[in-house]
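Taking it in order: structure first as C-alpha cells, then the write-up.
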2 protein chains.
Amino acid sequence: MTKDKTTARDAAKTSEPFASDLLRGHTDTIVLAVLRSHDRYGYEIYKVIRDATGGEHEIKEATLYATFRRLEKDGLVEAYWGDETQGGRRKYYRITDAGRAVFRRAVADWTATQRIIDTLLNLKGNPS
Amino acid sequence: MTKDKTTARDAAKTSEPFASDLLRGHTDTIVLAVLRSHDRYGYEIYKVIRDATGGEHEIKEATLYATFRRLEKDGLVEAYWGDETQGGRRKYYRITDAGRAVFRRAVADWTATQRIIDTLLNLKGNPS
DNA sequence: GGCCAGTAGTGTGTCTGATATAGTACCAGA
DNA sequence: TCTGGTACTATATCAGACACACTACTGGCC
C-alpha cells in the first residue's frame, strides 16, 4: 500500500533530488556504454555509474542486475565468472557485437529524444 | 500473449522508428508545456505534439487522456467542457499555478537528465 | 439515403522497467 | 566477534505507456 517511488511531481513538492523514471529506458544503454571499453563485473558497473555522476544519480542494484539478465538473455552481453578462487565471486560482463550495434542505435535514439523533448518544451504556442 | 511494444532492442533489429519508452516520464511535462500559452482541448494537444515533431513522434491518444486525468487529479491542470452545443463536445484543459511550478521543476530535471546520460554515454573507460 | 473518414473522448487489460525489500555469502579490520 | 563493505540473487509491487475496442458526432461523397 505504501508508495515510495519518487515521481516528477513528488520531486517538485518535496525537493527530492531526482525523479528516477526520467532515465527509464536508458539503463540498458548506459550499461552497454560502460562495457564498451572493457569487461566489468556487476558491482563495479554499479559503482562506475554512481561515481560518474558524482553520486548524483544511482541506478539501484536490483535494477542493474535485472538489466544484466535482460541484456544477457538478448545476447547483447555475455557473462562469465571470474577466477577469484578466494571469496567474493564476481560475474563479469562482456559486450557482444550485437550489443555494440544496439548501443550505436540507442545513441541515435537518445539524440532524437533530446531533440524531440527540447522542441516540445520550447513550444511557445505560436499565435496562428 | 502477443507482444507488440517497440523496445530499443527491437528497434535496432527491425529499424522501427522509435522506442517509445524513451519519452517515458516526460509526457506530463510535454503536456504542461503545450498548455503554458493557452488552454487547449484534448485532441488538439494530441495533434500539437504529433505535428511539433513532424509526425516523428506520436503520443497515443489513450496515453494522453490518461495523462490528462492524472494531471487533473493532481491539480496541475483544470478541465472544463467547451460550449460547443452542436456536436463534437470538447474538453478543455487549463494549466494551474501548481502545474506551472511542476513544469519549471520538470525542465530542470530534464536538463539534469540530459547531462547525466550524456556523461555516461561518453564514458571512454579511462585507462586508470 | 447510406457510407466513410476525421474528430473527440472513454474503458479495460496488459506489458515493461524500476524499485522496495529482503536475503545469502564472503572478506577485512577494529 | 562484530561491523561495514563487497557481490550477487529473489520476490513482489507500482506506474506509465500502450493495444484494442468502443461510443458518438460531423461533413463530404456517391
Side-chain angles (χ1 to χ4, degrees), chain A residues 1-11 16 18-31 40-50 57-74 79-82 84-93 113, chain B residues 1-11 16 18-31 40-50 57-74 79-82 84-93 113:
Chain A
M1 194 67 81
T2 56
K3 176 190 152 297
D4 291 307
K5 241 171 107 177
T6 300
T7 65
R9 267 185 301 297
D10 292 339
E16 281 286 334
F18 203 73
S20 57
D21 259 15
L22 297 184
L23 288 166
R24 194 190 179 97
H26 300 289
T27 307
D28 293 13
T29 306
I30 290 169
V31 169
R40 294 186 192 263
Y41 60 92
Y43 199 71
E44 187 186 12
I45 296 170
Y46 165 75
K47 284 184 296 182
V48 166
I49 292 173
R50 189 192 58 195
H57 178 67
E58 179 192 16
I59 295 179
K60 297 297 181 298
E61 282 180 71
T63 301
L64 220 38
Y65 286 110
T67 299
F68 296 153
R69 284 194 284 275
R70 189 166 58 238
L71 291 174
E72 196 183 0
K73 180 172 70 62
D74 290 352
Y80 57 95
W81 286 101
E84 296 82 8
T85 44
Q86 74 290 20
R89 74 209 190 293
R90 292 169 169 175
K91 192 185 266 188
Y92 286 83
Y93 297 93
T113 302
Chain B
M1 194 68 80
T2 54
K3 176 190 152 297
D4 291 306
K5 244 173 107 176
T6 300
T7 65
R9 270 185 299 296
D10 291 340
E16 280 288 334
F18 203 73
S20 57
D21 258 15
L22 297 184
L23 288 167
R24 194 192 177 97
H26 299 288
T27 307
D28 294 13
T29 307
I30 289 170
V31 169
R40 294 185 192 263
Y41 60 91
Y43 197 69
E44 187 186 11
I45 296 169
Y46 166 77
K47 283 184 296 182
V48 166
I49 293 173
R50 189 192 58 195
H57 178 65
E58 178 192 16
I59 295 180
K60 297 297 180 298
E61 282 180 70
T63 301
L64 220 38
Y65 286 110
T67 299
F68 296 153
R69 285 193 285 274
R70 190 166 57 239
L71 291 174
E72 195 182 0
K73 180 172 70 63
D74 291 351
Y80 57 94
W81 286 102
E84 296 83 8
T85 45
Q86 74 289 19
R89 74 209 190 292
R90 291 169 169 175
K91 192 185 268 187
Y92 285 83
Y93 296 93
T113 302

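So that the names make sense, note that chain A is the first sequence line, chain B the second, and so on, each numbered from 1.
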Report the distance from atom CD1 of B:Ile49 to atom P of D:dC18, rounded to the nearest whole Å. 11 Å

Rounded to the nearest 0.5 Å, how far does CG of A:Asp28 lie from CZ of A:Arg70? 4.0 Å

Does D:dA7 have OP1 or OP2 sitting under 4.0 Å from an N or O in the side chain of A:Tyr46? no

Does B:Thr67 reach the main-chain N or O of B:Thr63 with its side chain, forming a donor-acceptor pair under 3.5 Å? yes

Can you tell me the distance, in whole Å, between the CG atom of A:Leu22 and the P atom of C:dA18? 12 Å

Mind checking if A:Glu61 touches a base, just sugar-phosphate, or nothing, with heavy atoms under 4.0 Å? base

At less than 4.0 Å, is any side-chain N or O atom of B:Arg70 found next to OP1 or OP2 of D:dA17? Yes or no. yes

Pair of N/O donor and acceptor under 3.5 Å linking D:dT6 base with A:Arg90 side chain: no

Using whole Å, report how far CD1 of B:Ile59 lies from P of D:dA19. 13 Å

Spacing between B:Glu44 atom CD and C:dA8 atom P, to the nearest angstrom: 8 Å

Think A:Tyr43 has a side-chain N or O under 4.0 angstrom from the OP1 or OP2 of D:dC8? no

Confirm from the modelled atom types if B:Arg24 and D:dA15 form a donor-acceptor pair under 3.5 Å, side chain to base only. yes

Reckon A:Thr63 has a side-chain N or O less than 4.0 Å from the OP1 or OP2 of C:dT19? yes

Presence of A:Tyr65 side-chain N/O under 4.0 Å of D:dC8 phosphate oxygens OP1/OP2: yes

Rounded to the nearest Å, what distance is computed from the NZ atom of residue A:Lys91 to the P atom of nucleotide D:dT6? 20 Å

Take the protein atom CZ of B:Arg40 and the nucleotide atom C1' of C:dT7, then report the distance between them rounded to whole Å. 17 Å

Determine: side-chain N/O of B:Thr27 to OP1/OP2 of D:dA17, distance under 4.0 Å, yes or no. yes

Walking DNA chain C from its 5' end, the first of B:Lys47 and A:Thr67 to be reached, judged by nearest nucleotide, is B:Lys47

Quickly work out the A:Lys60 NZ to D:dA10 P distance and round it to whole Å. 21 Å

C:dT19 P sits how many Å from A:Glu58 CD, rounded? 9 Å

In terms of relative ring orientation, are B:Tyr92 and B:Tyr41 parallel, tilted or perpendicular, with 30° and 60° separating the classes? perpendicular

Between B:Tyr46 and B:Glu58: side-chain donor-acceptor atoms closer than 3.5 Å: yes

